[in-house]
Amino acid sequence: MRGRLFPTDSDWCEWHQEPELSGSVLVRVGVGDDGRLVLTGLRIDGTPSAELLRALPVGRIEAAANAQLTIVDDRVVPVAVPHRPGREPKAADGGWEITDPARAVARPAAAPLPDPRLAAGARGRPDRFYRDIARAYRDLASSSARPAAELAEASGVPVSTAHRWIKEARRRGFLPPGRPGKSG
């Protein structure tokens, strides 16, 4: 299943997915008790049927929001995603996309990872390293069921080291708090 969040003029985002839903769905995103972005509102334009409600992938919508949105001055805003040379943005029309990892065959190369050999000084690695880890993790989390394992493999380190980096990136505020069993 593929889906996109499209920002609107108000504080709502419109959700589109494949297969297409029978009605227009708008969601409002806010910060949950644990610091992660969660759905705080749902608006259906049209007849709300049981079929439509069952087809709404709330977990995927929240995962897309956490991968692509952030909080700035108490407002939910899109994360700036740099354009990779030689690759067109997935959603040039202003939306964001998340892909079902089970259907993924191959994806374009991710942004370069920070060098894991970056010397850890007396106080550990610099913020720049953890900011890059957070960016790479968000990129992987939007298209993989195992972003930490893929980050470890790409960096040539054990998975436990990648988990430690992600934990430190969260502690420094570059990633939202984690939820057991959920990536992003």
Are [Y] and [X] linked, directly or through intermediate hydrophobic residues, by side-chain heavy-atom contacts shorter than 4.5 Å (ILVMFWY only)?
X: F174; Y: L151; value: yes
X: V38; Y: V58; value: no
X: Y137; Y: V157; value: yes

Which atom of [X] lies closest to which atom of [Y], heavy atoms considered:
X: A148; Y: A162; result: O-CB, 3.6 Å
X: P126; Y: R172; result: C-NH1, 3.6 Å
X: C13; Y: P7; result: SG-CA, 4.2 Å
X: A55; Y: Q17; result: O-NE2, 3.5 Å
X: W12; Y: L42; result: CZ3-N, 3.8 Å

With rounding to the nearest 0.5 angstrom, report the [atom1] to [atom2] distance, [X] to [Y].
X: I61; Y: L37; atom1: CD1; atom2: CG; answer: 13.5 Å
X: R138; Y: N66; atom1: CZ; atom2: CG; answer: 10.5 Å
X: R131; Y: R128; atom1: CZ; atom2: CZ; answer: 9.5 Å

Exercise for the section: For the pair R36 (side chain) and P177 (backbone), establish whether a donor and an acceptor sit closer than 3.5 Å, ignoring hydrogens and angles. Expected result: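 Yes: the side chain of R36 pairs with the backbone of P177.
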Problem - Near-ring test W165/F129, centroid separation under 6.0 angstrom - result: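 Yes, the ring centres sit under 6.0 Å apart.
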Practice task
Output yes when E168 and R164 qualify as a salt bridge under the 4.0 Å nitrogen-oxygen rule, no when they do not.
Solution key: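 A salt bridge is absent here (no side-chain N lies under 4.0 Å from a carboxylate O).
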Which atom pairs, donor and acceptor, lie under 3.5 Å between side-chain atoms of residues 21-33 and protein residues at least two apart or in another chain?
residue, atom, partner, partner atom, Å
S24, OG, E14, OE2, 3.2
R28, NE, D11, OD2, 3.2
R28, NH2, D11, OD1, 3.3

Exercise for the section: Could you give me the CA-CA distance, side-chain angles and deciding distance for I133 and L175, then say whether side-chain contact (heavy atoms from CB on, under 4.5 Å) is met? Expected result: CA-CA 9 Å; I133 289 293; L175 288 170; 5.7 Å; no
Handout entry: By side-chain hydrogen bond (donor to acceptor under 3.5 Å, both in side chains) - contacts of T8 (at least two apart)
Key = S10
